[in-house]
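Just below is one structure, and these are the notes that go with it.
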2 protein chains.
Amino acid sequence: MDADKVFKALGDPTRRRLLDLLCERNGQTLGQLCEKLDMARQSATQHLDILEAANLVSTVRRGREKLHFINPVPLHEVYERWVRKFERQRLSLLHDLKKELEGE
Amino acid sequence: MDADKVFKALGDPTRRRLLDLLCERNGQTLGQLCEKLDMARQSATQHLDILEAANLVSTVRRGREKLHFINPVPLHEVYERWVRKFERQRLSLLHDLKKELEGE
DNA sequence: TTGACATGCAGGTATTTACCTGCATATTTC
DNA sequence: GAAATATGCAGGTAAATACCTGCATGTCAA
């Protein structure tokens, strides 16, 4: 996993929206996704390219259409590497913070 | 939680490094963190400001020093909102993708 | 095979971002 | 109180980003 690509891909509201749209209905075409985005088709394409480069979306060509599918694997890896690590220490980290805010 | 600030904060390798450093030892000063970063102190400050604006880091002033603490709450919320959602459907999403890649 | 439709590709621009340098302020120590 | 230390603040720049318009290509259907 390229953590940087994944996080940068997630760091834009349009791209998070696209993932949500695909979560509602997987396998949508570029045109279908564009209808819901309020920007030029070419701009949406660029966002989808970034999601694809981060491996968060995979595409399949069907005739003149391009179907888009979520790939949940990178998000799972983000969870394993980033969230669980802090989750394990969550209470002790909060404890550190609280103690210091209380002034020792 | 401001998802946009959190994801944008995480979308930079230096800032992820800072979180890892604080995970190793919570409550470090700006100077201590800078020693490990290979960039000007002022640049590191900007990164820490972004982490603080995203509420991923909280700071406490102690004399002329500034101590930095991880706040694990936003990461937990990211997990709840973003990772679990896709995790719940993980197998079925992978199924969609696999079927389409196989050509039907 | 021609017209409609879905997508690809090539720039162009304004904004944001990630760095820097230089100087100012606040705190501790001698 | 003067020097050393820790951090704050104010620009300045080069690169990345998120949009756009215009045109080209590929596919389906009448």
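Below, chains carry the letters A, B, ... as their sequence lines are ordered, and counting in each starts from 1.
Residue-to-nucleotide contacts include a donor-acceptor pair under 3.5 Å from the side chain of B:Gln42 to the base of C:dG22.
Helix bend of the helix from C:dT1-D:dA30 to C:dC30-D:dG1: the angle between its two end axes, each built from five pairs, comes to 30° after rounding to 10°.
In this model, the phosphate group of D:dC19 is approached by a side-chain N or O of A:His47 to a distance below 4.0 Å at OP1 or OP2. The shortest distance between the side-chain N/O atoms of B:Ser43 and the OP1/OP2 oxygens of C:dC20 is below 4.0 Å.
Note on B:Met39: it does not cluster hydrophobically with B:Ile50, by side-chain heavy-atom contacts below 4.5 Å among ILVMFWY residues.
Interatomic distance, OG1 of A:Thr14 versus CG of A:Leu33, reported as 12.0 Å (0.5 Å rounding). Atom NE2 in B:His95 sits 11.0 Å away from atom CZ in A:Phe69 (nearest 0.5 Å). Between the CD atom of A:Gln32 and the CG atom of A:Leu22 there is a distance of 10.0 Å, given to the nearest 0.5 Å. Within the model, atoms CG of B:Asp12 and CG of A:Asp4 stand 7.5 Å from one another, a figure rounded to the nearest 0.5 Å. Here A:Thr59 contributes atom OG1 and A:Lys66 contributes atom NZ; the two are 4.5 Å apart, rounded to the nearest 0.5 Å. Between A:Lys8 atom NZ and A:Leu10 atom CG the span is 12.5 Å, to the nearest 0.5 Å.
Closest heavy-atom contact between A:Ile70 and A:Cys23: CD1-N, 3.7 Å. Heavy-atom minimum distance, A:Leu67 versus A:Gly27: CD2-O, 3.6 Å.
Contacts between residues 48-70 of chain A and DNA chain C, counted as heavy-atom distances below 4.0 Å, involve A:Arg61, A:Arg64, A:Glu65, A:Lys66. Within residues 16-39 of chain A, the residues having any heavy atom under 4.0 Å from DNA chain C are, by residue number, A:Thr29, A:Leu30, A:Gly31. Less than 4.0 Å separates DNA chain C from no heavy atom of any residue of residues 4-14 of chain A.
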Output, in order, the C-alpha distance, side-chain angles, deciding distance and verdict of side chain to side chain contact (heavy atoms under 4.5 Å, CB included) for A:Leu19 and B:Phe86.
CA-CA 9 Å; A:Leu19 289 180; B:Phe86 296 102; 4.0 Å; yes
After noting the C-alpha distance and the side-chain angles of B:Leu94 and A:Val73, does the key distance pass the side chain to side chain contact (heavy atoms under 4.5 Å, CB included) rule?
CA-CA 8 Å; B:Leu94 274 175; A:Val73 173; 4.2 Å; yes
Distances under 3.5 Å only, N/O to N/O: pair up the protein atoms with those of nucleotides 13-15 of chain C.
none

For residues 42-49 of chain B, dump all side-chain donor-acceptor pairs below 3.5 Å to protein atoms at least two apart in sequence or in another chain.
residue: B:Thr45; atom: OG1; partner: B:Arg41; partner atom: O; Å: 3.1
residue: B:His47; atom: ND1; partner: B:Arg15; partner atom: NH1; Å: 3.0

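Distance CZ (A:Arg41) to C1' (D:dC19): 14 Å, rounded to an integer number of Å. A straight line from CD of A:Gln46 to P of C:dG12 spans 15 Å, rounded to a whole angstrom.
Across A:Val57, A:Asn55, A:Leu56, a single residue satisfies side chain to side chain contact (heavy atoms under 4.5 Å, CB included) together with A:Asn71, and that is A:Asn55.
Between A:Tyr79 and B:Tyr79, the two ring planes are parallel [angle under 30°; tilted spans 30° to 60°].
A donor-acceptor pair under 3.5 Å is formed between the side chain of A:Arg17 and the backbone N or O of A:Lys36.
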